[in-house]
Amino acid sequence: MPKHDTPLLDELESGPWPSFVTDLKRQAEKKPECFDILGQLELSYRDKVTHWKHGGIVGVFGYGGGIVGRYSDVPDQFPGVAHFHTVRLNQPSSMFYSSAKLRDICNLWEKYGSGMTNMHGSTGDLVLLGTTTPNLEPLFYDLTHDLNQDLGGSGSNLRTPSCCLGRARCEWGCYDTQNLCHSLTMHYQDEIHRPAFPYKFKMKFSGCPNDCVAAIARSDFAVIGTWRDDIRIDQAAVKGYLSGEFAPNAGAHSDKDWGKFDIKAEVLDLCPTGCMWMEGDSLKIDNSECTRCMHCLNVMPRALRPGLKQGATICVGAKAPILDGAQFATMTVPFIEVNPDTEFAEIIEVIEKIWDWWMEVGKNRERVGETIQRIGLPTFLKVMEITPTPQHVKEPRSNPYVFWQEDEVEGGFERDVIAYRKRNAQ
Amino acid sequence: MALSKDELKANILEKALNGPKAQLYVKDFYACDPDAGPRDIKNAANDLVKEGKMTFWSSGSTTMYAAQGRAKDEEHR
Ligand code: HEM
Ligand code: HEM
Ligand code: SF4
Ligand code: SF4
């Protein structure tokens, strides 16, 4: 396969940053099809349109996901990428793996594919880019038998669940994200490997509201750690921050001199609900007003810690713009315990209530967040058997979606219209 | 009364083989047994794929079903 002229792509090598163009050129020494990736991309830059087609019937036996068929629409010019399927591997929870495992995966991909990867795709998977149909089964055999790894989800499947580092490395974890992520991955193997829904469904798990896996923006089912009691305050450490003994933000942002730590400007005034104040040099918090935004804890991690009654908030329905615009997830379950002793039965119950409703009423290619918008949050909350709280309502005037039900109104909805009109006659 | 699994599978396969649409969403099969739950329909359709009578066709973001031979095949065009 010949090298193509790629003047537009070559410009991408000129900046100070690492360049995927340089990577592709280096890899092309070993895998000449990479020249055709470059050639086809250059053509796309000129034509301002993609030359990849995706979709098809490719897969491995018994699985209905994990492989995404990909084809060039200009195969005569770029035969090396005529068939260039994507393989998704289920990443270990929190993406913890040894360098030995990484080497094994890279070697496997040098053997059966182009060697190009995308680490990690936005679902979390290790994404292996570019192989042909005959290579799929042998790749899958080695992957499952020698590497003890599995494919991830794609299509209308449950997508590979993913989680933050959580308690493995982070003191803010309000539940064990890895345990929950791994347990649900094992529990839902059938849904991950075979299509199950009107469209894709993603689950992500963050240990605290910092939400390091961006669950609230990227998943249909976001489990975000929180606490229901009070933020733990170490007043001695607060004084340490005031005196300059401890660097705010654990020393982050120290590349610039921001001057002496100013607790009023940097913490109190930035609390979104204005629920913090100082009495002398003691810090006070009205915890009933705290929205768990994490700002104060992030600035003063030695002084402030999450409370001890820990669990999670479940938000439902985020999505990127495909059919409709992008949307964030809606807070649905304000607080739920994350309990490994019940094998997370409480959370599984919430998941399956959502699935049963969405599989029934969701349209083809409609994410659950769109179904909720189309049908309405009041109906969704009823299906979920959740009593609306003020936190479910964003703006009472512009989306007054919490309505009275007939049985909650004295006398019901029946009334004597004629008598009413008489009384209110103009 | 919901149909037996075999009756349901026969209805699904009939629709996939002889229906006007070559590729169908799982929801298109819901009418094959109005009394069955979405999960039963999905499991029956997935069974037919396992048995080699139907195939999946996936765009990468959605998955559809087709009777063997009726799916759009990008590879052999
Ligand atoms: C056939 C005639 C009308 C119909 C069907 C109608 C219908 C409605 C509806 C459905 C709302 C929204 C209620 C809600 O969201 O809770 C509304 C709000 C409102 N309408 Fe009308 N309306 C009519 C005539 C008028 C007229 C003639 C005026 C003023 C001269 C008017 C002034 C308002 C105002 C100020 C609101 C906002 C009330 C609020 O935000 O609380 N409407 N109307
Ligand atoms: C220079 C003229 C005006 C300005 C700058 C103005 C501005 C506004 C603004 C900023 C709002 C709030 C919108 C929101 O909540 O998003 C509003 C609401 C409203 N305005 Fe005006 N307005 C003007 C004239 C009028 C007139 C002449 C009328 C009626 C004859 C009127 C009736 C209303 C009503 C009924 C509301 C809704 C209040 C509610 O939330 O229930 N406005 N106006
Ligand atoms: S989401 Fe919270 S618990 Fe998880 S790694 Fe980030 S800061 Fe730590
Ligand atoms: S977590 Fe956020 S809302 Fe709560 S007290 Fe701290 S700054 Fe305020």
Side-chain angles (χ1 to χ4, degrees), chain A residues 52-73 75 82-86 88 121 123 127 132-134 153-157 159 190-191 193-200 202 319-320 322-323 352 355-367, chain B residues 2-3 5 8-9 11-13 15-17 19-77:
Chain A
W52 292 115
K53 295 189 293 181
H54 58 99
I57 57 175
V58 292
V60 294
F61 186 73
Y63 277 42
I67 314 273
V68 182
R70 199 169 287 278
Y71 304 90
S72 169
D73 71 1
H83 301 173
F84 210 66
H85 309 319
T86 297
R88 293 190 178 151
T123 309
V127 181
T132 56
T133 305
S154 68
S156 304
N157 302 23
R159 301 306 184 79
D190 189 46
E191 284 79 1
H193 295 312
R194 279 159 285 277
F197 309 116
Y199 202 19
K200 63 179 88 164
K202 301 180 181 177
K319 58 175 279 292
I322 294 186
L323 300 187
E352 301 197 350
W355 284 354
D356 287 345
W357 177 72
W358 175 53
M359 288 166 81
E360 188 74 47
V361 307
K363 293 185 185 175
N364 294 325
R365 289 172 56 77
E366 183 178 66
R367 294 282 285 274
Chain B
L3 302 176
K5 189 162 191 184
L8 174 59
K9 279 162 67 175
N11 283 359
I12 290 176
L13 190 59
K15 183 160 191 174
L17 280 169
K21 285 201 281 180
Q23 297 192 170
L24 298 111
Y25 291 106
V26 70
K27 287 195 73 104
D28 297 333
F29 296 126
Y30 284 10
C32 292
D33 180 2
D35 295 327
R39 247 176 244 233
D40 303 324
I41 307 266
K42 173 269 283 189
N43 287 335
N46 287 353
D47 263 12
L48 285 162
V49 174
K50 227 175 281 172
E51 293 163 14
K53 295 179 179 139
M54 297 209 298
T55 50
F56 296 124
W57 184 95
S58 177
S59 68
S61 60
T62 332
T63 310
M64 301 177 81
Y65 296 82
Q68 196 61 260
R70 282 191 90 187
K72 195 164 65 177
D73 183 355
E74 305 290 342
E75 202 128 337
H76 302 102
R77 285 206 305 187

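Lettering of chains follows the sequences in order, A, B, ..., and the numbering in each one begins at 1. Heavy atoms only: backbone and side chains are in, while hydrogens, waters and symmetry mates are out.
No other option in B/S61, B/S58, B/P38 has as many heavy-atom pairs under 4.5 Å with chain A as B/S61. Between chain B and the residues A/P195, A/G62, A/A196, A/G64, the most heavy-atom pairs under 4.5 angstrom are made by A/P195. Chosen from A/T133, A/V58, A/T86, A/I67, the residue pairing most often with chain B at heavy-atom distances under 4.5 Å is A/T133. Ranked by heavy-atom pairs under 4.5 Å with chain B, the list A/G56, A/G69, A/G153, A/P198 is led by A/G56.
A salt bridge is defined here as a Lys NZ or Arg NE, NH1 or NH2 lying under 4.0 Å from an Asp or Glu carboxylate O, and B/D40 with B/K5 fails to meet this definition. A salt bridge links B/K9 with B/D47: the closest approach of a Lys/Arg side-chain nitrogen to an acidic carboxylate oxygen falls below 4.0 angstrom.
The parts of A/E352 that come within reach of chain B are both its backbone and its side chain, each placing non-hydrogen atoms under 4.5 angstrom from that chain. Using a 4.5 Å cut-off between heavy atoms, A/R70 makes no contact with chain B at all. Contact annotation for A/H83: only side-chain heavy atoms (C-beta onward) come within less than 4.5 Å of a heavy atom of chain B. For A/H85, the part lying under 4.5 angstrom from a heavy atom of chain B is the side chain only. Heavy-atom distances place the side chain of A/F61, and not its backbone, under 4.5 Å from chain B.
Residues forming a side-chain contact (heavy atoms from CB on, under 4.5 Å) with A/A82 (at least two apart in sequence, or on another chain): A/P75.
The structure places NE2 of A/H54 at 11.5 Å from CG of A/D73, a figure rounded to the nearest 0.5 Å. Within the model, atoms CG of A/D190 and CG of B/N43 stand 6.5 Å from one another, a figure rounded to the nearest 0.5 Å.
Residue pairs that meet the ring pair (Phe, Tyr, Trp, His ring centres under 6.0 Å) test with at least one member in residues 31-55 of chain B, sequence neighbours left out, do not exist here.
Between A/F84 and A/S72 the shortest side-chain heavy-atom distance does not fall below 4.5 Å.
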